[in-house]
Every structure is written in C-alpha cells, then in structure tokens.
K.L.:
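Before I ask anything, let me first share the structure, which is written out below as structure tokens.
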Amino acid sequence: MRILVTGGAGFIGSAFLQRAVAEQPQHTFLNVDKLGYAANLRNLAGVDQAPNYSFRRVDLTDASLIATTVAEFEPDLVVHFAAESHVDRSISAPRAFVDSNVVGTLNLLEACRAVWRDPAGKRFHHISTDEVFGALGPSGSFDETTAYDPRSPYSASKAASDHLVRAYSHTYGLPAVITNCSNNYGPRQFPEKLIPLMILNCLARKPLPVYGEGQQIRDWLYVDDHVDAILRVATDGKLGETYLIGGGHEVTNLEIVRTIIAEVASQTGAEPAELEALITYVPDRPGHDFRYAINPTKIREELGWTPRETFSTGLRKTVAWYLAETDWVRDVQSGEYREWMRRQYGGDA
Ligand code: NAD
Ligand code: TYD
C-alpha cells in the first residue's frame with residue numbers, strides 16, 4: 001500500500017509513523033506537514049532514515065499543492081492527522097483553525113476524490129476528537145450515536161471537518177472512516193498541553209497553572225494505545241463508520257497535576273511539597289468544557305481493541321521520556337527545532 005499521512009511531524013502523527021513505518025516495510029509512507037509551530041521533524045528520528053518513508057512540506061490550505069501531491073503519490077490509504085490542535089489558541093485566534101481544519105480537510109478530500117476514480121481498495125481515515133460532542137455533566141459518556149455539540153472554535157472546526165468527511169462519503173462514495181478519541185498524552189507532545197506543560201514546569205520549578213478550580217475531567221489515552229486503535233481501524237474498521245477511542249482513565253485536572261508532582265518527585269528525588277507549592281490557580285478558560293468521557297464498547301467488541309496502559313504506567317513512561325530527552329526539550333523550549341527546520345526547508349518553519 002501507499003500510505004499518505006498528514007500532520008506526521010506532530011505529536012500523534014509522529015507516534016503513528018514511528019510504529020507503522022518500522023512494522024510495515026512492505027508499505028510506502030509519505031508524510032505531508034506544513035511544519036507549523038507544533039511540528040518537529042526530530043519527532044521522526046529514525047523513521048526519516050527508512051527506505052519506505054519520505055517527507056514533503058505541504059500546507060493543506062494550498063489546494064493545488066495538495067492536489068498535485070496526492071495525484072503524484074496515488075495513495076491507497078490516507079491517515080489525516082493534520083490540524084491546529086490547541087483549544088486555548090483557538091480561543092485567541094480562531095481563523096487558523098478554520099483554515100487548516102476545515103479548508104485543509106476540504107482540499108485533501110477534493111484531492112482524493114479527483115484521484116480515486118475507482119474507490120475500490122482505497123480508504124480515507126480521518127482523525128478527530130471527542131470534543132465535537134460537547135461537554136458532559138458528572139455522569140454519562142459519549143458513544144457513536146451522540147449528537148454533535150461543539151463548543152470551542154477548535155471543536156467546531158473539527159466537527160465541521162467530520163461533517164465534510166461524512167458528506168463526501170455519502171455524496172461521492174468516498175471510502176472513509178472517522179475516529180474520535182479522548183485526550184492523548186505521551187512522548188513528544190508539544191509542551192502547551194496540560195501534561196507535558198506540567199512535567200516541564202515541575203522540572204524548571206515554574207508555576208503550575210490550573211484553570212479555575214481544576215475540577216474539569218478528561219479521559220486520558222496513552223498515545224501508543226491510540227496508535228494501536230488507529231492501526232486496527234485502518235485495516236479492519238468498516239467503511240462509512242465512526243469509532244470512538246477512549247483511555248478509560250477519567251481524572252480531574254487537579255488530580256492529574258498532583259499525580260505528575262508525585263511521579264516527578266519519585267523519578268528525580270525532588271521534594272513533593274516544593275512542587276505542590278508551584279500549583280497556581282489562574283482564571284478559567286472561557287467556555288471550558290466540564291467533562292469528556294468515552295464509551296469504547298464498539299471498538300472493543302468489533303475490533304478487539306482495549307488500551308494497554310493504565311494512567312499510572314503511561315504517566316511513568318511519559319515523565320521518564322521528558323526526563324531522558326533533554327536535547328528534544330532544550331530544542332523545543334529554545335525554538336532551535338524551528339531554526340533547524342527553517343535551514344532545511346526555508347520559509348517560516
Ligand atoms: P499537533 O498539534 O501535535 O500536530 C498537528 C500537526 O499538523 C503539526 O505537525 C502541524 O504542523 C500539522 N498541520 C497543522 N495544520 C496543517 C496544515 N494546514 N497543513 C499541513 N499540516 C498541518 O496535534 P496532535 O496532538 O498530534 O493531533 C493530531 C490530530 O489528532 C489532530 O487532528 C487533532 O485534532 C486530533 N486529536 C488530538 C488529541 C490530543 O489529545 N492531542 C485528541 C483528540 C484528537
Ligand atoms: P489541554 O491539554 O489543553 O486539552 P483540551 O483542552 O483539549 O482538553 O487541557 C486539558 C485540561 O487541562 C483542560 O481541562 C484545560 C486544563 N488546563 C489547565 O488547567 N492548565 C493549563 O495550563 C492547560 C494547558 C490546560
């Protein structure tokens with residue numbers, strides 16, 4: 001198969017490529033990424049040497065460049081990760097989210113529709129989020145029948161992209177499958193998201209900013225478990241279907257921060273009380289969704305997928321990774337990774 005991966009220099013896309021390229025030498029992978037602020041080609045260390053892997057810098061908002069790229073590569077499978085992904089940025093600057101997530105997805109769909117005259121054996125796998133379903137109260141969970149109710153510019157743009165994928169499947173017969181997953185964590189996540197931000201701030205003894213009272217709840221999924229689910233859906237998921245992927249670990253934000261403190265203290269010998277004192281309550285995020293939770297029955301029963309990591313094993317691995325990968329951390333914090341990509345690819349990378 002020829003597999004086109006979008007957004008493969010980001011957190012989840014690079015975890016997918018790290019596994020799939022090594023495990024599937026019989027397949028050819030092309031990674032297209034615009035190399036935005038959250039992209040880091042060093043996430044692909046090792047993969048970038050593989051004979052079945054190549055990279056092309058493409059911004060999906062450039063309709064003609066993605067059309068040419070798809071026409072030249074002729075993919076059998078598209079795994080579409082590329083998106084602007086951070087809720088706080090979508091609140092301060094929503095337009096980039098509509099550009100990349102909505103228009104970018106439309107351009108990619110159009111490119112595939114043009115090339116896949118005969119859709120037999122082709123597949124478009126759209127990666128989405130549980131945030132499209134809105135916010136839950138203290139009980140209940142999302143499943144594949146839950147109505148869409150996005151509430152942030154990020155989730156609205158992801159919902160729009162899901163609707164476009166379904167519309168292309170329904171109207172043009174484009175062979176598509178959608179997965180909506182809960183909050184991911186693990187190695188190589190850009191340190192603007194809760195877990196890596198808290199780990200690195202603990203290490204630097206910087207304030208740990210907790211929004212509001214820290215009582216919001218997320219359902220945390222270790223990134224490699226997500227990759228495992230994607231690989232199953234990409235091969236065995238039914239076309240035209242949606243699968244929800246959840247970690248099954250619901251925790252309040254404050255509990256997360258305290259668990260991170262305990263883990264960092266245990267792995268570094270720091271004094272937990274010194275790290276606890278860094279917790280700083282800051283004004284809440286506008287429109288902050290209270291709780292997300294996923295009912296994973298469908299993917300478990302149809303595809304036999306369940307997460308392997310518990311929150312404590314996943315978090316232990318994640319903290320250990322950020323402690324060990326000091327070059328990656330230094331690069332990201334100094335901005336050197338962008339300078340390095342700019343030297344290779346030019347532009348504003
Ligand atoms: P990320 O921000 O780490 O990476 C996104 C990548 O997409 C970056 O490399 C970026 O350069 C690229 N990109 C953005 N806009 C692009 C464009 N116009 N053209 C080409 N490339 C572009 O995000 P992530 O956490 O790896 O998320 C990947 C996907 O998973 C996204 O679609 C996101 O909505 C979804 N998702 C993420 C989470 C999570 O917890 N991280 C949860 C649910 C769903
Ligand atoms: P985040 O990692 O941004 O993911 P999402 O908003 O997509 O769920 O945030 C996870 C939770 O942590 C969310 O409820 C907001 C909260 N949060 C903080 O309390 N402080 C922070 O500095 C950040 C980045 C997030």
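Both backbone and side-chain heavy atoms feed into the values below; hydrogens, waters and symmetry mates do not. Order of appearance sets the numbers: ligands from 1, and atoms from 1 within every ligand. Keep in mind that this is a model prediction, so the values were computed, not measured.
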K.L.:
Any idea which protein heavy atom is nearest atom 37 (C) of ligand 1, and the distance to it?
P.N.:
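Nearest protein contact, heavy atoms only, for atom 37 (C) of ligand 1 is I12 CD1, 3.5 Å.
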
K.L.:
What pairs with E131 under salt bridge (Lys or Arg N to Asp or Glu O under 4.0 Å), at least two apart in sequence or on another chain?
P.N.:
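With sequence neighbours excluded, E131 shows a salt bridge (Lys or Arg N to Asp or Glu O under 4.0 Å) to no residue whatsoever.
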
K.L.:
Hey, does R258 have a side-chain heavy atom less than 4.5 Å from the side chain of I279?
P.N.:
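Yes. Closest side-chain heavy atoms under 4.5 Å.
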
K.L.:
Inspect the surroundings of CD in Q24 and state if more than 12 heavy atoms from other residues, nucleotides or ligands are less than 6.0 Å away.
P.N.:
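Yes, the 6.0 Å shell around CD holds more than 12 heavy atoms from other groups.
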
K.L.:
Are any of the heavy atoms in A15 under 4.0 Å away from ligand 1?
P.N.:
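No; A15 lies far enough from ligand 1 that no heavy-atom distance drops under 4.0 Å.
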
K.L.:
For ligand 1 and N183, I'd like to know whether there is a polar contact (N/O to N/O, distance under 3.5 Å).
P.N.:
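Among all N and O atoms of N183, none is under 3.5 Å from an N or O of ligand 1.
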
K.L.:
Check this for me: does any side-chain nitrogen of one of K122 and E74 sit under 4.0 Å from a carboxylate oxygen of the other?
P.N.:
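A salt bridge is absent here (no side-chain N lies under 4.0 Å from a carboxylate O).
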
K.L.:
Can you classify the ring geometry of F16 versus F81 as parallel (below 30°), tilted (30 to 60°) or perpendicular (above 60°)?
P.N.:
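Answer is tilted, since the angle falls between 30° and 60°.
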
K.L.:
Looking at atom 43 (C) of ligand 1, what's its closest protein heavy atom, distance included?
P.N.:
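Sorting protein heavy atoms by distance from atom 43 (C) of ligand 1 puts C181 SG, 3.2 Å first.
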
K.L.:
So, T242 and R166: side-chain donor and acceptor under 3.5 Å apart, yes or no?
P.N.:
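Short answer, yes.
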
K.L.:
Do F124 and Y168 have their ring centres less than 6.0 Å from each other?
P.N.:
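No, the ring centres sit 6.0 Å or more apart.
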
K.L.:
Pick out which of D224, D225, D228 makes a salt bridge (Lys or Arg N to Asp or Glu O under 4.0 Å) with R19.
P.N.:
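Looking at D224, D225, D228, the match for R19 under the salt bridge (Lys or Arg N to Asp or Glu O under 4.0 Å) is D228.
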
K.L.:
Applying a heavy-atom cut-off of 4.0 Å, say which part of D99 lies close to ligand 1: side chain, backbone, both or neither.
P.N.:
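Neither part.
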
K.L.:
Does the N or O separation between N184 and ligand 1 drop below 3.5 Å for any pair?
P.N.:
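For ligand 1, there is an N or O atom that lies under 3.5 Å from one belonging to N184.
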
K.L.:
Name the closest protein heavy atom to atom 8 (C) of ligand 1, giving the residue it belongs to and the distance to 0.1 Å.
P.N.:
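Sorting protein heavy atoms by distance from atom 8 (C) of ligand 1 puts D33 OD2, 3.6 Å first.
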
K.L.:
Among protein heavy atoms, which lies nearest atom 4 (O) of ligand 1, and at what distance?
P.N.:
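Result for atom 4 (O) of ligand 1: G10 CA, 3.4 Å.
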
K.L.:
Any atoms of ligand 1 less than 4.0 Å from a non-hydrogen atom of G36? List them with their elements.
P.N.:
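In order of numbering, the contacting atoms are 11 (O).
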
K.L.:
Tell me which protein heavy atom sits closest to atom 5 (C) of ligand 1, plus the residue, atom name and distance to 0.1 Å.
P.N.:
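The closest heavy atom on the protein side is A83 O, 3.4 Å.
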
K.L.:
How about W328 and N40: do any of their side-chain heavy atoms sit closer than 4.5 Å?
P.N.:
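SC-SC contact between W328 and N40 confirmed.
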
K.L.:
So, does G104 sit close enough to ligand 1 that a heavy atom of it is under 4.0 Å from the ligand?
P.N.:
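Per 4.0 Å heavy-atom rule, G104 does not contact ligand 1.
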
K.L.:
I want to check something: taking the side chain as every heavy atom from C-beta on, are T28 and I3 in contact at a cut-off of under 4.5 Å?
P.N.:
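Side-chain contact under 4.5 Å: no.
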
K.L.:
Tabulating one pair per line, provide the atom names and distances (0.1 Å) for every N/O atom of ligand 2 that is less than 3.5 Å from a protein N/O atom.
P.N.:
residue: ligand 2; atom: 2 (O); partner: L194; partner atom: N; Å: 2.9
residue: ligand 2; atom: 3 (O); partner: R285; partner atom: NH2; Å: 3.1
residue: ligand 2; atom: 4 (O); partner: N183; partner atom: ND2; Å: 3.3
residue: ligand 2; atom: 6 (O); partner: R285; partner atom: NH1; Å: 2.5
residue: ligand 2; atom: 6 (O); partner: R285; partner atom: NH2; Å: 3.2
residue: ligand 2; atom: 7 (O); partner: E131; partner atom: OE2; Å: 2.6
residue: ligand 2; atom: 8 (O); partner: N183; partner atom: ND2; Å: 2.8
residue: ligand 2; atom: 8 (O); partner: R218; partner atom: NE; Å: 2.8
residue: ligand 2; atom: 12 (O); partner: N253; partner atom: ND2; Å: 3.4
residue: ligand 2; atom: 14 (O); partner: R218; partner atom: NH2; Å: 3.2
residue: ligand 2; atom: 14 (O); partner: N253; partner atom: ND2; Å: 2.8
residue: ligand 2; atom: 14 (O); partner: H288; partner atom: NE2; Å: 2.6
residue: ligand 2; atom: 19 (O); partner: Y211; partner atom: N; Å: 3.0
residue: ligand 2; atom: 20 (N); partner: P209; partner atom: O; Å: 2.8
residue: ligand 2; atom: 22 (O); partner: P209; partner atom: O; Å: 3.3

K.L.:
Taking N or O atoms only and a 3.5 Å limit, does L60 qualify as a polar contact for ligand 1?
P.N.:
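Between L60 and ligand 1, an N or O pair is found under 3.5 Å apart.
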
K.L.:
Just need the protein heavy atom nearest to atom 44 (C) of ligand 1, so name the residue and atom and give the distance.
P.N.:
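Heavy-atom neighbour on the protein nearest atom 44 (C) of ligand 1: S128 O, 3.3 Å.
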
K.L.:
I want to confirm something. Looking only at heavy atoms, which of A82, A39, S14 is nearest to atom 7 (O) of ligand 1?
P.N.:
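Nearest heavy atom to atom 7 (O) of ligand 1 lies in A82.
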
K.L.:
If you define the side chain from C-beta out and look only at heavy atoms, does anything of F29 sit under 4.5 Å from L77?
P.N.:
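Of all side-chain heavy-atom pairs linking L77 with F29, none is under 4.5 Å.
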
K.L.:
Mark up the atoms of ligand 1 that fall under 4.0 Å of a heavy atom belonging to S100, in ascending order.
P.N.:
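Result: 15 (N), 16 (C), 17 (C), 18 (N).
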
K.L.:
Please state which part of V58 comes within less than 4.0 Å of ligand 1, counting heavy atoms only: side chain, backbone, both or neither.
P.N.:
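It is the backbone that touches ligand 1; the side chain stays farther off.
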
K.L.:
Take the angle between the ring planes of H249 and F311 and call it parallel below 30°, perpendicular above 60°, tilted in between.
P.N.:
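Correct class here is tilted.
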
K.L.:
Starting from atom 21 (N) of ligand 1, what is the nearest protein heavy atom, named by residue and atom, and what distance separates them?
P.N.:
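Result: K34 N, 3.0 Å.
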
K.L.:
Under 4.0 angstrom from ligand 1, any heavy atom of Y154?
P.N.:
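It does, in that a heavy atom of Y154 comes within the 4.0 Å cut-off of ligand 1.
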
K.L.:
For the residue pair N183 and Y292, confirm or rule out a side-chain donor-acceptor distance under 3.5 Å.
P.N.:
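No, no side-chain donor-acceptor contact under 3.5 Å.
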
K.L.:
Looking only at distances, please establish whether an N/O atom of ligand 1 is found under 3.5 Å from an N/O atom of S182.
P.N.:
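No: no nitrogen or oxygen of S182 is under 3.5 Å from one in ligand 1.
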
K.L.:
Check contact between F81 and ligand 1, using heavy atoms of the residue and a distance below 4.0 angstrom.
P.N.:
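Under 4.0 Å: yes for F81.
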
K.L.:
Just jot down the ligand 1 atoms closer than 4.0 angstrom to any heavy atom of T129, in number order.
P.N.:
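It comes down to these atoms of ligand 1: 43 (C), 44 (C).
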
K.L.:
Does NZ or CZ of R113 fall inside the cone over Y172's six-membered ring, less than 6.0 Å from its centre and within 45° of the axis?
P.N.:
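Geometry flag: set, cation within 6.0 Å and 45°.
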
K.L.:
Look at atom 1 (P) of ligand 1 and say which protein heavy atom is nearest, naming residue and atom and giving the distance to 0.1 Å.
P.N.:
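Nearest neighbour among protein heavy atoms for atom 1 (P) of ligand 1, to 0.1 Å: S85 OG, 3.6 Å.
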
K.L.:
Would you indicate whether the side-chain heavy atoms of P75 and V70 approach each other to under 4.5 Å?
P.N.:
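V70 reaches P75 side chain to side chain.
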
K.L.:
Checking N180 against D162: is there a side-chain donor and acceptor pair closer than 3.5 Å?
P.N.:
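N180 and D162 do have a side-chain donor-acceptor pair below 3.5 Å.
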
K.L.:
Angle between ring planes, F142 versus F133, binned at 30° and 60°: parallel, tilted or perpendicular?
P.N.:
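Ring orientation of F142 relative to F133: tilted.
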
K.L.:
Could you tell me whether the side chain of I12 reaches within less than 4.5 Å of the side chain of S85, counting heavy atoms only?
P.N.:
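No, too far: nothing below the 4.5 Å cut-off.
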
K.L.:
With a 4.0 Å heavy-atom cut-off (strictly under), which part of K158 contacts ligand 1: side chain, backbone, both or neither?
P.N.:
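For K158, only side-chain atoms sit under 4.0 Å from ligand 1.
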
K.L.:
Measuring from the heavy atoms of T6, does anything fall under 4.0 Å of ligand 1?
P.N.:
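False for this residue.
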
